[in-house]
Amino acid sequence: MSENRPLILGEFSRRFDDRFRLSLPGEILESFKPKDGDCIIAKERSGCISLWDQTAWKEKLDARIQLIQQRIMLGDLEQQMPQLQMLGRLLSTRHRPIQLDGRGRLLMPEGFREFLKAETGGEVMIVGAAVCIEIWNPKKWISYIEGKMPKFRKLLTKLSG
């Protein structure tokens, strides 16, 4: 993390309202403070959408895209056209800018609702993922955490050692 920001941590259950708005917990919003509420919402893994500070996201993505464009101009990717097309498709549908309102709510865009399998009134898990906020389908979250929890101690030791 380039700035000296606190880790975004916590696990909370929330429900969508009838317009697919979602209120983020105040405890998570204390650590996640996007400038002017400008965020990026991204499809991460099956059943999980993440919320990023727009400035940080854009800097990282722009740098990577610039490298790919340079490689295209140099002819380095001519043999990888199917992978390049797949990257273009994923970039076209993976993320989009959104705005948090003044009350810490977001409106879940349509394509992202389907990816999350969200319904009005449906429950989601809001999880602090250190550098971003994740919004999980509850069944997918339980499955994910059950598989990862046995590796917790080893991961903590690796990252802190």
Side-chain angles (χ1 to χ4, degrees), residues 1-65 86-87 89-161:
M1 298 182 332
S2 58
E3 296 178 30
N4 193 12
R5 288 183 159 193
L7 295 180
I8 303 168
L9 302 174
E11 176 189 58
F12 305 89
S13 176
R14 292 291 187 267
R15 293 192 177 276
F16 284 107
D17 70 9
D18 60 347
R19 291 195 234 160
F20 285 101
R21 289 179 303 189
L22 186 64
S23 293
L24 298 176
E27 298 91 338
I28 276 191
L29 288 173
E30 288 176 20
S31 301
F32 181 76
K33 297 177 184 169
K35 185 177 179 185
D36 300 323
D38 293 332
C39 300
I40 293 290
I41 194 164
K43 299 170 186 170
E44 290 289 343
R45 62 194 54 81
S46 178
C48 177
I49 290 175
S50 60
L51 190 64
W52 294 83
D53 174 271
Q54 184 174 7
T55 304
W57 173 275
K58 188 165 175 32
E59 288 172 2
K60 290 178 185 177
L61 184 62
D62 288 351
R64 290 181 179 154
I65 289 175
M86 183 186 338
L87 177 65
R89 286 184 213 108
L90 293 173
L91 282 172
S92 296
T93 62
R94 180 172 187 249
H95 68 276
R96 69 183 275 187
I98 66 163
Q99 188 80 24
L100 286 183
D101 70 13
R103 297 165 69 190
R105 291 183 308 185
L106 64 90
L107 176 62
M108 184 66 66
E110 188 174 341
F112 293 78
R113 292 185 280 221
E114 285 80 7
F115 186 80
L116 196 56
K117 296 181 177 30
E119 299 177 7
T120 56
E123 181 185 16
V124 292
M125 296 303 298
I126 310 293
V127 178
V131 296
C132 68
I133 296 172
E134 292 181 338
I135 303 165
W136 283 84
N137 173 296
K139 289 179 183 175
K140 296 285 187 170
W141 171 242
I142 294 298
S143 176
Y144 177 84
I145 203 69
E146 283 176 347
K148 299 298 180 188
M149 193 55 77
K151 302 170 187 166
F152 172 78
R153 186 178 308 262
K154 185 177 179 179
L155 177 63
L156 180 62
T157 301
K158 180 180 178 182
L159 292 176
S160 64

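Values below: all heavy atoms of this structure, side chains included; hydrogens, waters and symmetry mates excluded.
- Among all heavy-atom pairs drawn from C39 and L51, the shortest one is CB-CD1, 3.6 Å.
- Here the CD1-CD1 distance, from I41 to I98, works out to 4.0 Å after rounding to the nearest 0.5 Å.
- Residues meeting the side-chain hydrogen bond (donor to acceptor under 3.5 Å, both in side chains) test with E11, sequence neighbours left out: W141.
- Between T157 atom OG1 and F152 atom CZ the span is 8.5 Å, to the nearest 0.5 Å.
- Counting heavy atoms from C-beta outward, Q54 and P34 have side chains that stay 4.5 Å or more apart.
- Not counting sequence neighbours, the partners of R105 by the side-chain hydrogen bond (donor to acceptor under 3.5 Å, both in side chains) test are D101.
- Annotation: side chain of L9 is not in contact with side chain of S31 (no heavy-atom distance under 4.5 Å).
- Judged as a salt bridge (charged side-chain N to carboxylate O under 4.0 Å, His left out), and not counting sequence neighbours, the contacts of K58 are D62.
- In terms of modelled atom types and a separation under 3.5 Å, the side chain of R94 and the main chain of A42 share no donor-acceptor contact.
- Across all non-hydrogen atoms, the minimal contact from R45 to E134 is NH1-OE2, 3.4 Å.
- Between the side chain of S143 and the backbone N or O of K139, no donor-acceptor pair lies under 3.5 Å.
- Here the CG atom belonging to L116 is positioned 11.0 Å from the NZ atom belonging to K43, to the nearest 0.5 angstrom.
- Pairing each heavy atom of T120 with each of D18, the nearest pair is CG2-O, 3.4 Å.
- For the pair I135 and M108, the tightest heavy-atom approach, listed with the atom from each and the gap, is CD1-CE, 4.0 Å.
- Applying the ring-ring contact (aromatic ring centres under 6.0 Å, His included) test to pairs two or more places apart or on separate chains, those with a residue in residues 93-123 are W57-H95.
- For W52, the side-chain hydrogen bond (donor to acceptor under 3.5 Å, both in side chains) criterion is met by E44, S50, not counting sequence neighbours.
- Around atom CD of E119, no more than 12 heavy atoms belonging to other residues, nucleotides or ligands sit under 6.0 Å away.
- For S46, the side-chain hydrogen bond (donor to acceptor under 3.5 Å, both in side chains) criterion is met by K140, not counting sequence neighbours.
- The two residues L29 and G104 have their closest heavy-atom pair at CD1-CA, 3.6 Å.
- Using modelled atom types, one side-chain atom of Q99 and one backbone atom of D36 make a donor-acceptor pair closer than 3.5 Å.
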side-chain contact (heavy atoms from CB on, under 4.5 Å) assessment of I126 paired with L22: CA-CA 10 Å; I126 310 293; L22 186 64; 3.6 Å; yes
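- T55 places none of its side-chain heavy atoms less than 4.5 Å from the side chain of D38.
- Across every non-hydrogen atom of L107 and R21, the tightest pair is CD1-CG, 3.9 Å.
- Remark: R64 CZ to L87 CG distance equals 11.0 Å, nearest 0.5 Å.
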